[in-house]
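Protein chains get the first letters and strands the later ones, always in sequence-line order, with residue 1 at the start of each. Nothing here was measured: the structure is a model prediction, and the numbers come from that model.
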Number of protein chains: 2
Amino acid sequence: MTIYDISKKAGVSIATVSRVLNGSTNVKPRTRKKVMDIIEQYGYKPNAFARGLGLNSMKTIGILCADASDLYLAKAIYYIEQKLRENGYHSVLCCTGYDIEAKKESVNLLLSQHVDAIVMIGSNFIMNTPEDNQYIKDAAATVPIMLLNADFDCNNVYCTLCDDYKATQDATEQLINGGAKDILYLYNSNSYSGLKKLAGFQNALLTHDIPLKKQFMQCFKGSHEDIDGVKGFVESLHAKGLKFDAIVTSDDFLAVGSMNFARANHIKVPSELQVIGYNNSILSHCSEPELSSIDNRLEDMCIQLVKTLIGTLTQNEMPQKTIFSGELIKRGSTRI
Amino acid sequence: MTIYDISKKAGVSIATVSRVLNGSTNVKPRTRKKVMDIIEQYGYKPNAFARGLGLNSMKTIGILCADASDLYLAKAIYYIEQKLRENGYHSVLCCTGYDIEAKKESVNLLLSQHVDAIVMIGSNFIMNTPEDNQYIKDAAATVPIMLLNADFDCNNVYCTLCDDYKATQDATEQLINGGAKDILYLYNSNSYSGLKKLAGFQNALLTHDIPLKKQFMQCFKGSHEDIDGVKGFVESLHAKGLKFDAIVTSDDFLAVGSMNFARANHIKVPSELQVIGYNNSILSHCSEPELSSIDNRLEDMCIQLVKTLIGTLTQNEMPQKTIFSGELIKRGSTRI
DNA sequence: GATTTTATTGTAAACGCTTACAACATTTTT
DNA sequence: AAAAATGTTGTAAGCGTTTACAATAAAATC
């Protein structure tokens, strides 16, 4: 069933059918109805390829994320997909993993598919070296690139992010002001934002004239699923004699793992050990006590990202950077 | 940059370039190299629309799920996307929500995009009435439909599922054999599998001559995020005077909410109340004690689903139904 | 070396749509 | 009522591929 079949049955030209389908130009109401009825009757659906070929756009946005099974990324996908659909766009998803080559390949794939824009979810798309980030610049030469929770200066690259640095600094300072002495910072590899948060943590200590010690900033290298691994990791630090009365983390799963460690070692939370998570995910409602966690306003960010995206695609001038402020949501795992 | 540009620069016809790109037919090695070099040099990427128009396939699989932010569904997306990519396919994602109309619309969208197959993740794609399921049959007339964790008899529809019925029955029987007397079953709306699990629960009771009581089978209507809501829900049952010494659930978040209820009411788990979750998700590692949960082998199912899918697309005869067995993973929330 | 067979390449017709432009019909203006 | 303006529709030329078929080149056979 093609546009020709419909045009024949409706007794009009294919151009008219096309016009009815696209709704743009004027079609006489009676003609429109006639065509619509035929379309309805035969359940005709235009071929998206042919349409894409003609328009060179398929109203499709490519979404990249390292790992859709990560709680946080999954939620972002959900929000963004939903908002895009509300705007008449749909999305092609690629989970790239954390390897740079896979990311580059995925970008190429999306470009060859002529997506109208590419959304990259998570700071792990930004690498340490300019050469490794060249792929973003290259892609930006073709389509707008929207980064969620990552910061990158480049024309046609739009960033929507949360000031993780400040949020972590604030939370840490609250702990310090509340009397915490030895604060352990726990982050996971896999992302730039972990380092940003770390910087915020360090700045909080420096502001209060607390010397930075390397062993108080630990990177957990395992997966975001491996809560037991985190527990073991913290346990090993503890066994080595490291003393801490608070833990600030870059992700809720690290915090939950830390709390499991505490429980197993009969360390009371929050009286003997305070714990702060990040992302304010569902995990923060599962532990006992519930987890204080930094909320970085994911939904707001996603809404904003799509708004900027649609604006850009419709030729409006859009701000290249939108920064939200995170906020510590206090629950039972802290005394502050 | 089109295939014409490349053909001109390489001094061959577009057909030869196309053959090089598709690798199928014979091309003289020297010619191939010459063309490849030009392609490399100019970074040429074929236009996916035109290709799709020609081939009427874009090596794309449509993935539907109600809500990518659901832990379980997100993991499934992840596994499936990954496996598909390994097989040279990519995926278009649509999150449909739980509304039937939205689902139908999404299916149409995917069909108009000429996806090679559609994967539906979750039992919520199966409705209660045959009319409401017609959309699946219609879609199956065009492309193979792969259902994950749902059961539907129809030509060209392939189901990969876990025997939730039996898994729940087994787990419940284990509780009964372990001495549990008043077992509450807690499920969430939104899915057929919840009802299947419920049936398994009921069968376990019947097998042990325990009369079924309506108030011991409760449906939580809130979101999968709303752990506090679950807690309140169980609390209200408790306040109404319902006595239970075990809770079997259809999802880990219900189990975690139940445990939060128990803690708040100083009911000891597992000595006074045993709790069993479903999905064996990350949530089962967050609570204290850790949650016993039924594992329904999601990864295995996803691997199998993609295997069946690829087989079907390559014209191999594939089993229409593959059923895995779930298994109770015992942790601290049960005494069995 | 002529003939047959096989490997390689080119030509041209789809694929199903959009849209500029032309043609025609209708309404408004004079 | 003719002329001009406007509204509606049709014609045909792309869009960038794939691929059947034809044409040519190379290899094998006689």
Side-chain angles (χ1 to χ4, degrees), chain A residues 1-39 42-60 88 108-116 142-143, chain B residues 1-39 42-60 88 108-116 142-143:
Chain A
M1 179 70 54
T2 76
I3 202 171
Y4 285 94
D5 301 316
I6 299 297
S7 78
K8 214 167 286 169
K9 288 187 209 300
V12 298
S13 74
I14 58 165
T16 300
V17 178
S18 176
R19 279 189 276 258
V20 169
L21 284 169
N22 293 290
S24 56
T25 9
N26 290 332
V27 179
K28 196 201 269 183
R30 215 184 17 245
T31 315
R32 158 164 278 123
K33 176 154 183 2
K34 191 168 59 181
V35 174
M36 291 279 246
D37 286 349
I38 299 282
I39 288 176
Y42 289 88
Y44 162 73
K45 303 270 171 235
N47 180 319
F49 297 151
R51 190 169 229 176
L53 234 201
L55 290 171
N56 212 36
S57 151
M58 217 142 106
K59 284 238 174 197
T60 297
N108 279 332
L109 184 87
L110 291 177
L111 289 180
S112 81
Q113 287 209 70
H114 285 231
V115 293
D116 297 348
T142 310
V143 292
Chain B
M1 177 73 52
T2 76
I3 202 171
Y4 284 94
D5 300 315
I6 299 298
S7 78
K8 213 166 287 169
K9 288 188 208 299
V12 299
S13 74
I14 58 164
T16 300
V17 177
S18 176
R19 278 189 278 258
V20 169
L21 284 168
N22 294 289
S24 57
T25 10
N26 289 333
V27 178
K28 197 201 268 183
R30 219 189 9 248
T31 315
R32 158 164 277 123
K33 177 156 183 0
K34 192 167 57 182
V35 174
M36 291 279 246
D37 286 349
I38 299 283
I39 288 176
Y42 289 87
Y44 162 74
K45 304 269 172 235
N47 179 317
F49 298 152
R51 190 170 228 177
L53 234 202
L55 289 170
N56 211 37
S57 151
M58 216 141 106
K59 283 241 174 193
T60 297
N108 280 332
L109 183 87
L110 291 178
L111 290 180
S112 80
Q113 286 210 70
H114 284 231
V115 293
D116 297 346
T142 311
V143 293

Legend entry - Shortest side-chain distance from A:Val27, nucleotide among D:dT9, C:dT9, C:dC17: D:dT9
Legend entry - Shortest side-chain distance from A:Arg19, nucleotide among C:dG16, D:dT17, C:dA20: C:dA20
Inset, instruction - For B:Lys34 and C:dT9, give me the distance from atom NZ to atom C1', rounded to whole Å. - result: 11 Å
Legend entry - N/O (side chain, B:Ser13) to phosphate O (OP1/OP2, C:dG10) under 4.0 Å: yes
Inset, instruction - Go through the structure and list residues passing salt bridge (charged side-chain N to carboxylate O under 4.0 Å, His left out) with A:Lys33, not counting sequence neighbours. - result: A:Asp37
Legend entry - Most 5' of B:Thr16 and A:Thr16 on DNA chain C, judged by nearest nucleotide: B:Thr16
Inset, instruction - Measure from CD1 on A:Ile14 to P on D:dA13 and round the result to the nearest Å. - result: 12 Å
Inset, instruction - Could you please name the option among D:dT17, D:dG10, D:dA12 that lies closest to any side-chain atom of B:Ala50? - result: D:dT17
Inset, instruction - Taking all non-hydrogen atoms of both residues into account, name the closest pair between A:Ile14 and A:Tyr4 and its distance. - result: CG2-CD2, 3.6 Å
Legend entry - Side-chain N or O of B:Thr31 closer than 4.0 Å to phosphate OP1/OP2 of C:dT9: yes
Where do N or O atoms of nucleotides 22-26 of chain D meet protein N or O atoms at under 3.5 Å, pair by pair?
none

Legend entry - Spacing between B:Asn47 atom CG and D:dT18 atom P, to the nearest angstrom: 10 Å
Inset, instruction - Choose from C:dC17, C:dT19, D:dC15 the nucleotide whose nearest atom is closest to any side-chain atom of A:Ala15. - result: C:dT19
Legend entry - Between C:dC17 (P) and A:Leu21 (CG): distance, integer Å: 8 Å
Legend entry - Atom of B:Arg32, atom of B:Arg19 and distance for their closest heavy-atom approach: NH2-O, 4.1 Å
Inset, instruction - Working to the nearest 0.5 Å, report the span between CG of B:Leu110 and OG1 of B:Thr60. - result: 10.0 Å
Inset, instruction - Considering non-hydrogen atoms only, spot the tightest contact between B:Ser13 and B:Ser7 and give its length. - result: C-CB, 3.7 Å
Inset, instruction - Calculate the interatomic distance between B:Leu55 atom CG and C:dC15 atom P; express it in whole Å. - result: 14 Å
Inset, instruction - Using whole Å, report how far CZ of B:Phe49 lies from P of D:dT18. - result: 15 Å
Inset, instruction - Could you check if a side-chain atom of B:Asn47 sits within less than 4.5 angstrom of a side-chain atom of B:Thr2, using non-hydrogen atoms only? - result: no
Inset, instruction - Let me know the distance between CG of B:Leu53 and C1' of C:dA13, rounded to the nearest Å. - result: 14 Å
Inset, instruction - Report which part of the nucleic acid A:Ser18 touches: base, sugar-phosphate, or nothing (heavy-atom distance under 4.0 Å, all strands). - result: base
Inset, instruction - Output the single nucleotide from C:dC17, D:dG16, C:dA12 whose closest atom is nearest the side chain of A:Tyr4. - result: C:dC17
Inset, instruction - Take atom CZ of B:Arg32 and atom C1' of C:dA7, then tell me their distance rounded to the nearest Å. - result: 13 Å
Legend entry - Nucleotide nearest A:Ile3 (side chain, heavy atoms from C-beta), chosen from D:dT9, C:dT18, D:dT17: C:dT18
Inset, instruction - Heavy atoms only: give me the nearest B:Tyr44-B:Leu21 pair and the separation to one decimal. - result: CE2-CD1, 3.7 Å
Inset, instruction - Look up atom CD1 in A:Ile3 and atom CZ in A:Arg51, then write down how far apart they are to the nearest 0.5 Å. - result: 8.5 Å
